[in-house]
Amino acid sequence: MGEVFMIQALRGMRDIAGREARIFQMIEEKARYYFELYGYEEIKIPIMEMTELFSRGIGDMSDIVQKEMYTFEDRKGRSITLRPEGTAGVVRYYIEKGLDKNDPVQKLFYTGPMFRYERPQKGRFRQFYQFGVEAFGIESYLLDADTLDMLVAYFTAIGIKNPVVKLNNIGCSQCRPAYNGALKAYLHKHADELCPDCRQRIETNPLRVLDCKNEKCRAVTQLSPDIGDFLCDSCRKYDEELRDILTRRSIPFERDRFLVRGLDYYVRTVFEIHGGEGAQNALMGGGRYDGLVEALGGRPVPGFGFAIGVDRLVALLSDTGLFEKNLSDLFIAWSLTDKVPLLEKSSALRKCGLSVEFLADERSLKNQLKYAHKKGYRFVVLLGDDEAYSEEIHLKKMDSGDEVYVSPIDIREHLI
RNA sequence: GUGGGUGUAGCUCAGUCGGUAGAGCAACGGAUUGUGGCUCCGUUGGUCGUGGGUUCAAAUCCCAUCAUCCACCCCA
């Protein structure tokens, strides 16, 4: 324990093992299945990028860039950053390969760890995992609707109980300035009722006052101007069509005009899905980012995407009581002078398609049976010098204690 | 970065007024020499997170520090 030399995992980094690993595996498998079902293709992107990619992509002034990045110099003195999110890397790929010019419609997904230097708490880690989806070159509410459809299908499939879809439209470069102005004017009038942070935000980023958790700020924003009343014609049409088709497709959502999202690049549609306990209960978040490709040096191509917080899904599914370990079909308890039959028998059984485990070190039979029982094996093959060269398998059923001799060919019939 | 809670065996925890450390579970062994569960017996396992201070004496009181949890900021 407290030894000076005790080596432990870095702060905010954790091991995902056993049951958690099984859940992780299941939700990743299903994510791949559903993403591909909706026409997305996997891309593996690097875990590190040039620091500038993130500062330009996410926004110099964002908290992520300001204080949450793992940034260091490589051996040649270049500034490198462990990715704090996935979108920037995918956009970099998209532009670097010239896809914005030559093949602009791309539907991609990625999975993997992200890194942010934050103080850990429930549902938040310094290394955390995301499944991300990005669609380029498509500007239509139908994409947004199809994506929400996919997410609902996916969340249902993995067993998330009551996901709450929150949706908002935060306007575009045409209409948001007018709203910002109106909001600023309103907030100025009530500045003395706001928390210190929000007083700052009135000038720097008034939208973010809307999702402050402070009760007083909430009371103020409750009566603030509604972005919905300021949308330009095209944004309004987009929003109406999206909500209309979601309603008619019976995809449940609630409009939340206080949902604004933290990353600078979002326009129009933003959405989150919430569920579970604790303050960090956003299971995923995303939206439309029509200006991002251009901001990173590509052509003005529309984009749409989201990221799922895998750790939070794992946490939610952890208390469902499912996901027991997949045991091997058979456990071999052995006691042999010549060890060759052990490998022969297990290999033969495995060729029959049965998974087989045994303890490779020499132990008493009692010890091995104890182990098999503890692990929950229902069937044990007993292999001693007596059985070593016999064609038959000495099979013990742990439930009843019955023992039978069977030929390998019909052993399956006994594994019930 | 800010605030609060918690650090005693692998795990869950007890430890009185300050008197030098305990239980249950787990692991391992035995009762049962080729047979698990139930029972009984036994064994292993601790610089009480770390460092300093007060004291004749500190797991206990004080300070610092680290870790962890929860919350804030922010985000998945």
Side-chain angles (χ1 to χ4, degrees), chain A residues 1-14 58-59 61-69 83-87 111-132 195-198 200-201 205 208 211-215 217 259-263 271-286 305-316 331 333-336 363-388 394-403:
Chain A
M1 286 281 301
E3 286 125 68
V4 180
F5 299 98
M6 179 71 180
I7 296 175
Q8 54 185 48
L10 260 27
R11 176 160 220 202
M13 318 247 161
R14 69 202 185 104
I58 303 169
M61 298 312 293
S62 68
D63 275 46
I64 291 178
V65 173
Q66 289 281 312
K67 50 179 203 182
E68 294 174 4
M69 295 206 303
R83 62 184 186 194
E85 54 105 55
T87 301
T111 70
M114 307 296 162
F115 302 85
R116 289 182 202 171
Y117 195 92
E118 299 179 275
R119 192 102 166 241
Q121 69 180 77
K122 190 178 188 66
R124 180 163 64 204
F125 309 95
R126 288 182 173 184
Q127 173 172 337
F128 59 101
Y129 293 81
Q130 290 190 335
F131 302 154
C195 70
D197 285 333
C198 283
Q200 286 290 318
R201 287 195 270 246
N205 199 348
R208 297 216 50 92
D211 68 353
C212 182
K213 286 180 184 170
N214 186 296
E215 273 182 39
C217 299
L259 175 66
V260 295
R261 310 274 309 141
L263 279 53
F271 62 104
E272 289 182 356
I273 297 180
H274 291 240
E277 310 273 303
Q280 312 302 327
N281 70 342
L283 302 178
M284 57 80 51
F306 65 81
I308 296 177
V310 180
D311 309 78
R312 293 178 186 177
L313 293 186
V314 172
L316 262 188
F331 180 84
W334 60 278
S335 170
L336 296 163
R363 306 182 184 211
S364 69
L365 203 64
K366 180 195 183 96
N367 186 299
Q368 295 179 69
L369 281 162
K370 232 174 171 172
Y371 176 88
H373 178 259
K374 184 180 71 181
K375 294 290 182 186
Y377 279 101
R378 295 181 56 227
F379 303 99
V380 172
V381 171
L382 295 161
L383 184 59
D385 289 332
D386 296 350
E387 295 95 344
H394 185 176
L395 182 70
K396 179 183 174 81
K397 305 188 178 187
M398 297 296 272
D399 298 348
S400 58
D402 294 348
E403 297 180 23

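Each chain gets a letter, A, B and so on, in the order the sequences are listed, and its residues count up from 1.
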Remember a base hit wins even if backbone is also touched, and classify [X] as base, sugar-phosphate or nothing at under 4.0 Å, heavy atoms.
X        : answer
A:Arg261 : sugar-phosphate
A:Leu313 : nothing
A:Asp211 : nothing
A:Met284 : sugar-phosphate
A:Phe125 : base
A:Arg126 : nothing
A:His394 : base
A:Gly123 : base

*When you get a sec, tell me which of B:A76, B:G34, B:G37 is the closest nucleotide to the side chain of A:Ala307?*
B:A76
*Which nucleotide in the set B:C73, B:A71, B:C69 lies at the smallest distance from any side-chain heavy atom of A:Ala279?*
B:A71
Which residues pass the side chain to side chain donor-acceptor pair (under 3.5 Å) test with [X], not counting sequence neighbours?
X        : value
A:Arg124 : A:Gln121
A:Gln66  : none
A:Arg11  : none

Could you check how far [atom1] of [X] sits from [atom2] of [N], rounded to whole Å?
X        : N     : atom1 : atom2 : value
A:Asn281 : B:C70 : CG    : P     : 14 Å
A:Ile308 : B:C75 : CD1   : C1'   : 16 Å
A:Glu387 : B:U35 : CD    : P     : 12 Å
A:Phe379 : B:G37 : CZ    : C1'   : 16 Å
A:Lys67  : B:C72 : NZ    : P     : 13 Å
A:Asp311 : B:A76 : CG    : P     : 13 Å
A:Arg116 : B:C73 : CZ    : C1'   : 14 Å
A:Glu403 : B:U35 : CD    : C1'   : 7 Å

I'd like the [atom1] distance from [M] over to [N], given in whole Å.
N     : M     : atom1 : answer
B:A57 : B:G19 : P     : 14 Å
B:U50 : B:C66 : C1'   : 7 Å
B:U47 : B:C28 : P     : 22 Å
B:C25 : B:A21 : P     : 23 Å
B:U12 : B:C70 : P     : 15 Å
B:A27 : B:G37 : P     : 11 Å
B:A9  : B:G52 : C1'   : 26 Å
B:G42 : B:U35 : P     : 24 Å

*Closest non-hydrogen atom pair, A:Arg261 against A:Phe271*: CD-O, 4.1 Å
Atom pairs under 3.5 Å: protein N/O with N/O of nucleotides 25-28 of chain B:
none

Would one find a side-chain N or O of [X] under 4.0 angstrom from OP1 or OP2 of [N]?
X        : N     : answer
A:Gln121 : B:C69 : no
A:Arg124 : B:U68 : no
A:Lys366 : B:G36 : yes

[N] base / [X] side chain donor-acceptor hit below 3.5 Å:
X        : N     : result
A:Arg312 : B:C75 : yes
A:Gln368 : B:G34 : no
A:Gln280 : B:A71 : no

With sequence neighbours left out, write down each residue that passes salt bridge (charged side-chain N to carboxylate O under 4.0 Å, His left out) with [X], or none if nothing qualifies.
X        : value
A:Arg208 : A:Asp211
A:Lys67  : A:Asp63
A:Glu68  : none

_Let me spell it out: for each of A:Ala282 and A:Arg11, pick the nucleotide of RNA chain B with the closest heavy atom. Which residue's pick is nearer the 5' end?_
A:Arg11
*A:Glu85 or A:Ser335: which one's nearest nucleotide on RNA chain B is closer to the 5' end?*
A:Ser335
_Can you tell me how far apart CE (A:Met69) and CZ (A:Arg83) are? Round to the nearest 0.5 Å._
14.5 Å
*If you measure from CG on A:Leu382 to CH2 on A:Trp334, what distance do you get to the nearest 0.5 Å?*
13.5 Å
*asked:* In this structure, which stretches of RNA chain B are paired as stems of three or more consecutive Watson-Crick or G-U pairs, both distances less than 3.5 Å?
replied: B:1-7 with B:66-72, B:10-13 with B:22-25, B:27-31 with B:39-43, B:49-53 with B:61-65
*When you measure from the side chain of A:Arg363 to the backbone N and O of A:Gln368, does any donor-acceptor pair fall under 3.5 Å?*
no
*Does the A:Arg312 side chain pair with the main chain of A:Gly123, one donor and one acceptor, at a distance under 3.5 Å?*
yes
_Residues forming a side-chain contact (heavy atoms from CB on, under 4.5 Å) with A:Lys375, sequence neighbours excluded_ = A:Leu327, A:Tyr371, A:Tyr377
*By centroid distance (under 5.5 Å) and plane angle (under 30°), are A:Tyr129 and B:A76 in a stacked arrangement?*
no
